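What follows is a single structure, written as structure tokens, with notes after it.
Naming: A, B, ... by sequence-line order, numbering from 1 per chain. The structure displayed is predicted, hence computed values, not measured ones.
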Protein chains: 2
Amino acid sequence: MAEPHELREKGLRLTPQRELVLSAVRSLGHATPEDVAERVRQTHPGINLSTVYRNLETLENVGLVQHTHLGHGGATYHAAEAKLHAHLTCERCGVLIEVPIEETSLLTQSLLNDYGFHTDLEHLAISGRCEDCFEKP
Amino acid sequence: MAEPHELREKGLRLTPQRELVLSAVRSLGHATPEDVAERVRQTHPGINLSTVYRNLETLENVGLVQHTHLGHGGATYHAAEAKLHAHLTCERCGVLIEVPIEETSLLTQSLLNDYGFHTDLEHLAISGRCEDCFEKP
DNA sequence: ACCTAATTGCGAAAGATTCGCACTTACTCA
DNA sequence: TGAGTAAGTGCGAATCTTTCGCAATTAGGT
Ligand SMILES: [Mn+2]
Ligand SMILES: [Mn+2]
Ligand SMILES: [Zn+2]
Ligand SMILES: [Zn+2]
């Protein structure tokens, strides 16, 4: 018996669209649904945008991808990896910096102690100004 | 000469709509444009939603209000006050906790040292689980 | 191969925000 | 004080993003 495909292991049907959505997320790093659709269309031109949305949601439900909000609006997706990271995003130029989660433990610890709040730094990025953008306002 | 109205001081024209939008933001605490519109309509039923959007933007430009993103989507507005605060928001129940900015200084300091990143905790909320929602998942 | 439920494509709907433009109004200053 | 002018408003339509309903297709179990 061959080892089952990772999608099948999660109890999902293996469709070309689903596989392509997952690999698009993985290769793009952090991508909007529209980005993902565009990438998938390179090998599967007919894919519908709603199929992309639905698969992103499905893949997130089984823990293969995650979404985060980098700026003012919508979601961007990235592969769920072993190493968690927080997102820093420059509100000027949009650059994205990934920070090992340990870097934030002092904050999360004190929010827990003082407010009983369990911080999830994956979901919403931390906004601010990158070094370059801070220097030349 | 009477002291000029605060809106006039900022170089803005004083219209009933604008004044009402500002006072709605102040009294509501944290509110969506729709919330603001609803409040304003209590005394000025005819106000148009696009007038609300435009005034929120204008008021933000002159520093009287600020917007922040509490959840997955749109903006909520609050009055720009002397005391800065970070926003904690529960991704389960939506409760909002305001945290004095000092509470976060260890994090912002280390992000600055390690990444040259100037954190703005006003713009994007910190996501997580409140105490209640963490206990009963 | 066959059956069934999951998945897809499609078009429409919904929700949020922005825009163009003609009309109104707050302020300037003669 | 009363034009004149530019800022502000209302209205409707346009955009943009995300979601839905439904009929047609297809993956996986038997
Ligand atoms: Mn924003
Ligand atoms: Mn989200
Ligand atoms: Zn930058
Ligand atoms: Zn909660």
Check your understanding: To the nearest angstrom, how far is A:His72 atom NE2 from D:dT17 atom P?
Key -> 14 Å
Check your understanding: Any donor-acceptor pair under 3.5 Å linking the side chain of B:His69 with the backbone of A:His72?
Key -> yes
Check your understanding: Within the pair B:Arg13 and D:dA6, is there a side-chain N or O less than 4.0 Å away from OP1 or OP2?
Key -> no
Review point. Parallel, tilted or perpendicular for A:His118 and B:Phe134, by the 30°/60° rule?
Key: parallel
Exercise for review: Grab the OH-P distance between A:Tyr77 and D:dT17 for me, whole Å please.
Suggested key: 14 Å
Check your understanding: Will you find, in the side chains of B:His123 and B:His67, an N or O donor that is under 3.5 Å from an N or O acceptor?
Key -> yes
Practice item. Given side chain to side chain contact (heavy atoms under 4.5 Å, CB included), test B:Thr89 with B:His87 step by step and report yes or no. Key: CA-CA 6 Å; B:Thr89 184; B:His87 303 92; 5.9 Å; no
Review point. When you check the side-chain N and O atoms of B:Thr32 and B:Asp35, is any donor under 3.5 Å from an acceptor?
Key: yes
Shorter than 3.5 Å, N or O on both sides, protein versus nucleotides 8-11 of chain C: list them out with atom names.
residue	atom	partner	partner atom	Å
C:dT8	OP1	A:Thr15	OG1	2.6
C:dT8	OP1	A:Asn55	ND2	3.4
C:dT8	OP2	A:Asn55	ND2	3.3
C:dT8	O3'	A:Gln17	NE2	2.8
C:dG9	OP1	A:Gln17	NE2	3.0
C:dG9	OP2	A:Asn48	N	3.3
C:dG9	OP2	A:Thr51	OG1	2.8
C:dG9	N7	A:Arg54	NH2	2.8
C:dG9	O6	A:Arg54	NH1	3.2
C:dC10	N4	A:Ser50	OG	3.2

Practice item. Whole angstrom is fine here: how far is it from CG in A:Asn61 over to P in C:dT7? Key: 11 Å
Exercise for review: Decide yes or no for B:Ile126 and A:Leu107: does some side-chain heavy atom of the first lie under 4.5 Å from some side-chain heavy atom of the second?
Suggested key: yes
Check your understanding: Does B:Tyr53 place a side-chain N or O at less than 4.0 Å from the phosphate oxygens OP1/OP2 of C:dT17?
Key -> yes
